[in-house]
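Atoms considered below: every heavy atom in the structure, side chains included; atoms not considered: hydrogens, waters and symmetry mates.
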Amino acid sequence: MLRKTIMLAALLLGASAALARSAAPKAAAGADGHYLFVWAGDQDKQGNDFLAVINADPGSPEYGRLVTSVGTDQKSVRIHHTEYEMPASGMLFANDHDVNRTFIFDLRDPRQPKVATSFTDMAGYSHPHSFVRLPNGNVLASFQHRAQAMAHGAMDHSTMDHSAMAAGVQEKTGGLVEIDDAGRVIRSASSADPAFRGEVLMPYSLAVLPGIDRVVSTNSSMHDDNLMLGTTFQLWRLSDLKLLKTEYLGVGKTRTGHIDPEEPRVGQDGAVYVQTLSCGIERITELAGENPVATLVHSFPGNFCGVPTIVGHYLIQSVEATHGYIVIDIADGAHPVEVSRLSLGDDYVPHWTSWDAKAQRLIVTPNVGSRAYLLKLDMATGTLSIDDKFRDIDGKVGFSFASRSWPHGWTGTGKPHGAVGSR
């Protein structure tokens, strides 16, 4: 009798396991392989924003081919940032900046991406720019404006032009907002500082340093009327989002390399390295206290530089003047050394970079153009090279967003921007 009971229990256990496998979420099926998620809009601004899913598994025969896409209900205006790396939760934030709308995508099954939700104003702030994950899994976002300062255009964000938005900004301040994956506000704080009244204090991007309970944010405007006016960064306490200090960037010998600070990145030495639109690299130290120090330590050619990425002791910078990317070695952060350059052609206008840690590739998309590439980085020398095995169905290197029929039901040329690799 005991033996029969044991056998029956074993059979029931096996049946339950089989049922559980058959009912398992489809994320398990999508866990195999590796994918590239690229946030894009209609280049002609007639269609809607969408997310493309591309095969990014170097060992797959379909490497570089489109897997699927998911559309939104948002007409394309100014497709902009996603997060800089894929979060562990599988929920990716992606923004159309000028319409003040951010989408949260459910990418837990990469082959069946979904729009989970979207949001506009948050906690009295509008027009978020960048999204960085906190140790608790939530997002800390930099919002450029106070929502009430933009109220005159709130009825139709899609038709607001840059000058109209700038005219509505009275104090040129915004804030930081912590948001969970459901799009709910957790807490917020203003970037306003009475000691810097009249300055551009519009949070552009941020870096989180949980080990020392700090956040560094940069102040720079996305709108033409306020370009070339940002010259400050801010230090916050992460635990309560208290603004500790607003400080000017180091001017340096060029007298221009500090203007419009944009993307901060944390280096191996614990310093924060800030790329400026005017093609400088500021190194910020003394972050554990309340009196940070910023020094201009490097300048790139030209006066229009985009999103940087730090990989190990290398900082990779998109530089429009060189039609490509420059790598500097920041092992000695106070004295960076250029180690390599890669140009992608005279008509190529670089902008976005992000590091795909799983595939060990640098993801790059252009500011103008419709082709995304994957680059290899030699960790011994800092040399960049194009991954020529990453090819679209046209047989050319890279993935083309030009003139194709997309799986979500739209036909046209996409304009890519933010892009990340799956985990």
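- H298 and F300 have perpendicular rings, their planes meeting at more than 60° on a 0 to 90° scale where under 30° would count as parallel.
- Among all heavy-atom pairs drawn from I79 and G41, the shortest one is CG1-N, 3.7 Å.
- Side-chain atoms of R214 come within 3.5 Å of backbone N or O of G289 as a donor-acceptor pair.
- In this structure, a donor-acceptor pair under 3.5 Å is present between the side chains of S205 and Y84.
- Checked for salt-bridge contact, D57 and K358 miss the test: no charged N lies under 4.0 Å from a carboxylate O.
- Residue E85 places its CD atom among 12 or fewer non-hydrogen atoms of other residues, nucleotides or ligands, all under 6.0 Å distant.
- Counting only distance, with no hydrogens or angles, the side chain of T365 and the backbone of H417 share a donor-acceptor pair below 3.5 Å.
- Using modelled atom types, one finds a donor on one side chain and an acceptor on the other under 3.5 Å when comparing T232 with N219.
- In this structure, M122 CE and S188 OG are separated by 10.5 Å, a value rounded to the nearest 0.5 Å.
- Residues S405 and T411 bring a donor and an acceptor atom of their side chains to less than 3.5 Å of each other.
- Under the 3.5 Å distance criterion, with hydrogens and angles disregarded, a donor-acceptor pair is assigned to the side chains of R111 and Y35.
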Passes side-chain contact (heavy atoms from CB on, under 4.5 Å), L209 versus V215? Steps please.
-> CA-CA 6 Å; L209 299 96; V215 175; over 6 Å; no

Determine, step by step, whether N136 and E178 satisfy the side chain to side chain donor-acceptor pair (under 3.5 Å) criterion, reporting the C-alpha distance in whole Å, the side-chain angles of both residues, the deciding distance to 0.1 Å, and the verdict.
-> CA-CA 11 Å; N136 64 9; E178 182 177 343; 3.0 Å; yes

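- Side chains of W352 and S318: no donor on one and acceptor on the other come within 3.5 Å.
- No side-chain N or O of S142 forms a donor-acceptor pair with one of H129 less than 3.5 Å apart.
- Taken to the nearest 0.5 Å, the NZ atom of K415 stands 10.5 Å off from the OG atom of S76.
- Residues F93 and D181 come closest through the heavy atom pair CE1-OD1, 3.6 Å.
- Salt bridge annotation for E290-K245: absent, with no cationic side-chain nitrogen under 4.0 angstrom from a carboxylate oxygen.
- A cation-pi arrangement is absent between R65 and F390 under the rule of less than 6.0 angstrom and at most 45 degrees off the ring axis.
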From CA spacing to verdict: side-chain contact (heavy atoms from CB on, under 4.5 Å), V139, V132 = CA-CA 5 Å; V139 158; V132 175; over 6 Å; no

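- Of the possible donor and acceptor atoms, one in the side chain of Q360 sits under 3.5 Å from a partner among the backbone N and O of A357.
- The main-chain N or O of A419 is found under 3.5 Å from a side-chain atom of S354 such that the two form a donor-acceptor pair.
- Between D73 and R101 there is a salt bridge, since a side-chain N of the basic residue sits under 4.0 Å from a carboxylate O of the acidic one.
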Please test D121 against R146 for salt bridge (charged side-chain N to carboxylate O under 4.0 Å, His left out), starting from the C-alpha separation and ending with a verdict.
-> CA-CA 9 Å; D121 294 350; R146 292 182 300 110; over 6 Å; no

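- Remark: I104 CD1 to L107 CG distance equals 11.5 Å, nearest 0.5 Å.
- Residue I330 comes nearest to P336 through the heavy atom pair CG2-CB, 4.1 Å, listed as atom of the first residue, atom of the second, then distance.
- Taking all atoms of both residues into account, the shortest heavy-atom contact from F50 to W39 is O-CE3, 3.3 Å.
- A side-chain donor from one of T102 and N95 sits under 3.5 Å from a side-chain acceptor of the other.
- Between the side chains of S239 and D213, at least one donor-acceptor pair of N or O atoms lies under 3.5 Å.
- Separation of the W406 and F401 ring centroids falls under the 6.0 Å cut-off.
- Remark: side-chain polar atoms of S278 are paired, donor with acceptor, to backbone N or O of I259 under 3.5 angstrom.
- Residues E83 and R133 are paired through a salt bridge, judged by an N-O separation under 4.0 Å between the basic side chain and the carboxylate.
- Atom CZ of F105 is separated from atom NZ of K114 by 13.5 Å, given to the nearest 0.5 angstrom.
- D356 and H34 share a donor-acceptor pair across their side chains, judged by distance under 3.5 Å alone.
- Taking every heavy atom of both residues into account, R265 and V307 meet most closely at NH2-CG1, 3.5 Å.
- The pair R78-D98 counts as a salt bridge, with a side-chain nitrogen and a carboxylate oxygen less than 4.0 angstrom apart.
- Classified by interplanar angle (parallel below 30°, tilted 30° to 60°, perpendicular above 60°), the ring pair H223/H97 is tilted.
- At distances below 3.5 Å, at least one donor-acceptor pair connects side-chain atoms of Q275 with backbone N or O atoms of E263.
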Kindly determine whether I284 and V274 satisfy side-chain contact (heavy atoms from CB on, under 4.5 Å), including the steps that lead there.
-> CA-CA 8 Å; I284 305 176; V274 177; 3.7 Å; yes

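- Listed for the D180 side chain is a donor-acceptor partner under 3.5 Å among the backbone atoms of R184.
- Salt bridge status for D96 with K75: absent, with no side-chain N to carboxylate O gap under 4.0 Å.
- At a cut-off of 3.5 Å, with distance as the only test, no side-chain donor of T276 or D260 sits close to an acceptor on the other residue.
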Determine, stepwise, if the pair Y248 / E199 fulfils side chain to side chain donor-acceptor pair (under 3.5 Å).
-> CA-CA 11 Å; Y248 289 107; E199 294 277 0; 2.6 Å; yes

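- Of the charged side-chain nitrogens involved, none lies within less than 4.0 Å of a carboxylate oxygen, so that K45 and D42 do not count as a salt-bridged pair.
- Panel note: side chain Y314, backbone M379; a donor-acceptor pair is recorded below 3.5 Å.
- In summary, D394 and R371 engage in a salt bridge, as defined by a charged side-chain N under 4.0 Å from a carboxylate O.
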F196 and L201: CA distance, side-chain angles, deciding distance, side-chain contact (heavy atoms from CB on, under 4.5 Å) verdict = CA-CA 8 Å; F196 285 77; L201 300 181; 4.0 Å; yes

List the steps, then state whether side chain to side chain donor-acceptor pair (under 3.5 Å) holds for N100 with S126.
-> CA-CA 6 Å; N100 183 32; S126 71; 4.7 Å; no

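- Using modelled atom types and a 3.5 Å distance limit, the side chains of Q317 and Y273 yield no donor-acceptor pair.
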Please report the C-alpha distance between R108 and D106 in whole Å, then the side-chain angles of each, then the deciding distance to 0.1 Å, and finally whether the salt bridge (charged side-chain N to carboxylate O under 4.0 Å, His left out) criterion is met.
-> CA-CA 6 Å; R108 289 174 291 183; D106 182 347; 2.7 Å; yes

Residue pair S400, D392: steps toward the side chain to side chain donor-acceptor pair (under 3.5 Å) verdict | CA-CA 7 Å; S400 175; D392 202 351; 4.8 Å; no

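- In this structure, CE in M222 is found 9.5 Å from NE2 in H127, a value given to the nearest 0.5 Å.
- With rounding to the nearest 0.5 angstrom, the CZ atom of F131 is 9.0 Å from the OG1 atom of T82.
- The nearest pair of heavy atoms linking H323 to Y348 is ND1-O, 3.1 Å.
- Inspection of the E262 and T218 side chains reveals no N or O donor paired with an N or O acceptor under 3.5 Å.
- Y204 and F233 have their aromatic ring centers separated by at least 6.0 angstrom.
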